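Just so we're clear, the structure is a prediction, and the values are computed from it rather than from any experiment. Atoms within each ligand, like the ligands themselves, are counted from 1 in listed order.
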Amino acid sequence: MTSNQALADWVREVATLTQPEKIHWCDGSQAEYDTLVAGMLDSGTLLQLDPKTRPRSYLHRSDPSDVARTEHLTFVCTSRRDDAGPNNQWMDPADAHAKMNALFAGAMRGRTLYVVPYCMGPLDSPFARCGVEITDSAYVAASMRTMTRMGTPALKRIEREGSFVKGLHSLGDLHPERRFIMHFPQELAIQSIGSGYGGNALLGKKCHALRIASHQARQEGWLAEHMLIMGIEDPQGRLHYIAAAFPSACGKTNMAMLIPPQEYQGWKVHTIGDDIAWLHVGDDGRLWAINPEAGFFGVAPGTSRHTNANAVDMLQHDTIFTNVALTEDRRPWWEGLSDETPALDWQGRPYQPANGPAAHPNSRFTVSARQCKSWSDAAERPSGVPISAIIFGGRRASLVPLVLEARNWRHGVLLGASMASETTAAATGKTGVVRRDPMAMKPFCGYHFGDYWSHWLATGARLNKAPGIYQVNWFRRDAQGRFLWPGFGENLRVLKWILDRCQGSIGAHETPVGNLPLHGDIDLSGLDVSHDHIRQLTEIEPQAWRDEMDQVNSFLHGFGPRVPQALHDEREQVAQDLRGLGAT
Ligand code: GTP
Ligand code: SPV
Ligand code: MN
């Protein structure tokens, strides 16, 4: 089936171990997708939504114990433990292989083994990388067609280049005790068993494009980041691209396809990516970004005409929904979509409020990026797009202002490294707990954070037109727990401030923790936000920040001697300047 001997041998080896009934090499065609869907409708893996209002759209209900990424079952298996760092769970590669071989033995009996060749990034981009996922899940094979450039063209590239990431996946028995997601960066290999869910199972996404790619990127001198990429065009036609890292379920998809508020006639958003960015230093000394993905695996709850009309529109056809609720007439439903009451909850039970939310809080849609109205052709450019600003953001009910500008690259790396955010339903575990999530990469950096921060600093040193670095927070709350900032489309007002700063057209208020907007520089025309709220959103409390800097100090020291001294020095500088502010 392929002229690549390594691939042919690997498929044979895996088949011998897993004992599938059949082997199918995916070509990525529409006919193949239709056959996969027909099979899943037959087996009950997919349910057809109302074909009149939701053509070619389906609902998948995953196992109720398998609804989010499982970070405690995810491992980075490097030969030296320290290379994985305190930010990852580690297992010795030999032990991990022994464990996984035992679990994979006979795992595909009675099932079809799908060989899924895929390319992360435009097929003709020098920055793109290929992989092959072997899976026994038709849902995974079909989703990979939407999320990546999957099929024959990817296989052709693999045969030309000879290299690919090997991803082996089986649903296993879906038992959480027999669920593991193992990464072998030195072998460019991934093995995942026991989960059919998103980032655990669609191996091109978090496993390849972030954990394995971040490891490769460090060796090869680029960055693999948990970032959206978007272009913002002003009414004069000036177009700037930005990349933004927010932790899981903290607003990347929404920002990537933002709809400008009414007052922003003539502004245009160009969506390039909503989850992952691969960043390279160009010959021109600028930072260039490609989106390795081709689709969106987005959070459903909270998505409505009011918050994200682009998403609602793109979900009207050719979409697979996972773990959403259903209305009487078989339309998908989730909390925040409308005032309707659904008929069935995400587990297929008659909806009863006592059972909790109707849609799982981490229910998702899988859709081709081409269905998004703001999708841009620039996403297909082999060179990527040049980045003017990098934004870090998280869910912080207090402390972090609406927007903050780093003084320089080194200070920006400190802002990224000290990011924290409330946990969300994207991963199993308690939600709403503030945890450090440096660069939104805590669950995804495939190597030691100390080395990662050094790599960020080294990358900055190679840029002679480094993007400005910013921190934003759409999630500040008042004493009653209500958001202080309206968010969504209105976030463009903050992005405009950022672009004005990048172009040097406005000033800022310099503080020890970074530069804040001057009074009146965030355009609030037509917005109903009280003066008091704006003041809270755009000022800093020195004592709270002194405490924060102490916590950041302990956090950085927790990573030991691999943390670059420059990052400690930068933090010390901020702390010292804060002490100089005196008591407040
Ligand atoms: P992953 O796909 O998990 O990486 O998440 P993401 O960063 O793409 O998050 P997404 O845009 O899907 O948003 C997650 C949740 O945050 C949704 O429920 C959104 O409605 C909500 N959200 C997004 N942007 C805003 C905002 O500006 N303000 C508020 N209050 N909520 C927002
Ligand atoms: C995330 O959790 O950051 C996601 C969803 O984007 S998943 O693909 O499951 O990782
Ligand atoms: Mn994500």
Handout entry: Arg305, CZ: over 12 other non-hydrogen atoms inside 6.0 angstrom
Key = yes

Practice task
Quick one: name the protein N/O/S atoms under 2.8 Å from the Mn ion (ligand 3), chain by chain.
Solution key: Lys206 NZ, His226 NE2, Asp275 OD1

Exercise for the section: Answer with side chain, backbone, both or neither: which part of Pro247 has a heavy atom less than 4.0 angstrom from an atom of ligand 1? Expected result: backbone

Practice task
Give a yes or no on whether the backbone of Gly432 and the side-chain of Thr423 come within a donor-acceptor separation of less than 3.5 Å.
Solution key: yes

Fill in the blank from the handout: atom 18 (O) of ligand 1 has as its nearest protein heavy atom Pro301 O, 2.8 Å

Practice task
Would you mind running through ligand 1 and noting each atom that sits below 4.0 Å from a heavy atom of Ala249?
Solution key: 1 (P), 3 (O), 4 (O), 5 (O), 6 (P), 7 (O), 9 (O), 14 (C), 15 (C), 16 (O)

Handout entry: Min N/O separation Phe246 to ligand 1 under 3.5 Å
Key = no

Handout entry: Donor-acceptor contact below 3.5 Å, side chain His183 vs main chain Pro185
Key = no

Completion exercise
ligand 1 atoms nearer than 4.0 angstrom to some heavy atom of Gly302 are 18 (O), 20 (O)

Handout entry: From Glu293 atom CD to Met120 atom CE, the distance as rounded to the nearest 0.5 Å
Key = 5.0 Å

Handout entry: Residues Arg435 and Glu71 bridged, charged N to O under 4.0 Å
Key = yes

Problem - ligand 1-proximal atoms of Ser248, by part, heavy-atom distance under 4.0 Å - result: both

Practice task
Find out whether the Lys NZ or Arg CZ of Arg211 is both under 6.0 angstrom from the six-membered ring centre of Phe444 and within 45° of the ring's axis.
Solution key: no

Completion exercise
If we number the atoms of ligand 1 from 1 as shown, the ones under 4.0 Å from a heavy atom of Thr253 are 6 (P), 8 (O), 11 (O), 12 (O)

Problem - ligand 1 contacted by Arg395 (non-hydrogen, < 4.0 Å) - result: yes

Exercise for the section: Look only at the side chain of Asn88 and the backbone of His448, and say whether a donor-acceptor pair between them is shorter than 3.5 Å. Expected result: no

Completion exercise
Distance col, row Leu402:CG vs Trp497:CH2, nearest 0.5 angstrom, shows 9.5 Å

Exercise for the section: Kindly compute the distance separating CD (Glu380) from CG (Asn291), expressed to the nearest 0.5 Å. Expected result: 9.5 Å

Problem - Atoms in ligand 1 flagged as close to Asp275, the criterion being non-hydrogen separation under 4.0 Å - result: 4 (O)

Exercise for the section: Return yes if a side-chain donor-acceptor contact under 3.5 Å exists between Gln216 and Trp278, otherwise no. Expected result: no

Exercise for the section: Answer with side chain, backbone, both or neither: which part of Arg364 has a heavy atom less than 4.0 angstrom from an atom of ligand 1? Expected result: side chain

Practice task
Would you check the N or O atoms of Gly251, main chain and side chain alike, for any that come under 3.5 Å of an N or O of ligand 1?
Solution key: yes

Exercise for the section: Compute the centroid of each ring, for Phe297 and then for Tyr197, and state whether the two points are separated by less than 6.0 Å. Expected result: yes

Practice task
Report the C-alpha distance between Lys373 and Asp313 in whole Å, list the side-chain angles of each, state the deciding distance to 0.1 Å, and finish with yes or no for salt bridge (charged side-chain N to carboxylate O under 4.0 Å, His left out).
Solution key: CA-CA 8 Å; Lys373 257 191 286 193; Asp313 286 343; 2.7 Å; yes

Exercise for the section: Report yes or no: does Met255 have a heavy atom closer than 4.0 Å to ligand 1? Expected result: no

Exercise for the section: Provide, to 0.1 Å, the distance between atom 19 (C) of ligand 1 and the closest protein heavy atom, together with that atom's residue and name. Expected result: Asn254 ND2, 3.6 Å

Handout entry: Location of contacts on Thr424 toward ligand 1, heavy atoms closer than 4.0 Å
Key = neither

Practice task
Taking Arg149 for its side chain and Cys119 for its backbone only, find out whether a donor-acceptor pair lies under 3.5 Å.
Solution key: no

Fill in the blank from the handout: Per-atom filter on ligand 1: closer than 4.0 angstrom to a heavy atom of His226 are 4 (O)

Quick check for students: name every N or O atom pair between ligand 2 and the protein closer than 3.5 Å, with distances.
unit_1, atom_1, unit_2, atom_2, d
ligand 2, 2 (O), Arg69, NE, 2.9
ligand 2, 2 (O), Arg69, NH2, 3.0
ligand 2, 2 (O), Ser248, OG, 3.1
ligand 2, 3 (O), Lys206, NZ, 2.6
ligand 2, 3 (O), His226, NE2, 3.3
ligand 2, 3 (O), Ser248, OG, 2.5
ligand 2, 6 (O), Lys206, NZ, 2.6
ligand 2, 6 (O), Asp275, OD1, 3.4
ligand 2, 6 (O), Asp275, OD2, 3.4
ligand 2, 8 (O), Gly199, N, 3.3
ligand 2, 9 (O), Gly199, N, 2.8
ligand 2, 10 (O), Arg69, NE, 3.0
ligand 2, 10 (O), Lys206, NZ, 3.1

Problem - Numbered atoms and elements of ligand 1 in range of Lys252, under 4.0 angstrom, heavy atoms - result: 1 (P), 4 (O), 5 (O), 6 (P), 7 (O), 8 (O), 9 (O), 11 (O)

Practice task
For the pair Glu340 and Arg331, find out whether any cationic side-chain nitrogen is under 4.0 Å from an anionic carboxylate oxygen.
Solution key: yes

Problem - Test of ring centre spacing under 6.0 Å for Trp288 and His280 - result: no

Handout entry: Min N/O separation Gly487 to ligand 1 under 3.5 Å
Key = no

Fill in the blank from the handout: Distance col, row Ile190:CD1 vs Met182:CE, nearest 0.5 angstrom, shows 13.0 Å

Handout entry: Check: Ser418 main-chain N/O paired with Arg436 side-chain donor or acceptor under 3.5 Å
Key = yes

Problem - Beyond-backbone contact of Leu223 with Met439, side-chain heavy atoms, under 4.5 angstrom - result: no

Practice task
Pull out every atom of ligand 1 sitting under 4.0 Å from any heavy atom of Trp474, numbered as shown with elements.
Solution key: 27 (O)

Problem - Closest to atom 12 (O) of ligand 1 (judged by heavy-atom distance), picking from Thr303, Asn362, Val299 - result: Val299

Exercise for the section: Please work out whether any backbone atom (N, CA, C, O) or any side-chain heavy atom from C-beta onward of Phe475 is under 4.0 Å from ligand 1, and answer side chain, backbone, both or neither. Expected result: side chain

Problem - Lys NZ or Arg CZ of Lys252 over Phe246 ring: under 6.0 Å, within 45° - result: no

Handout entry: Non-hydrogen side-chain atoms of His208 and Leu203 separated by less than 4.5 Å
Key = no

Exercise for the section: Give yes if a backbone or side-chain nitrogen or oxygen of Phe488 is under 3.5 Å from a nitrogen or oxygen of ligand 1, and no if not. Expected result: yes

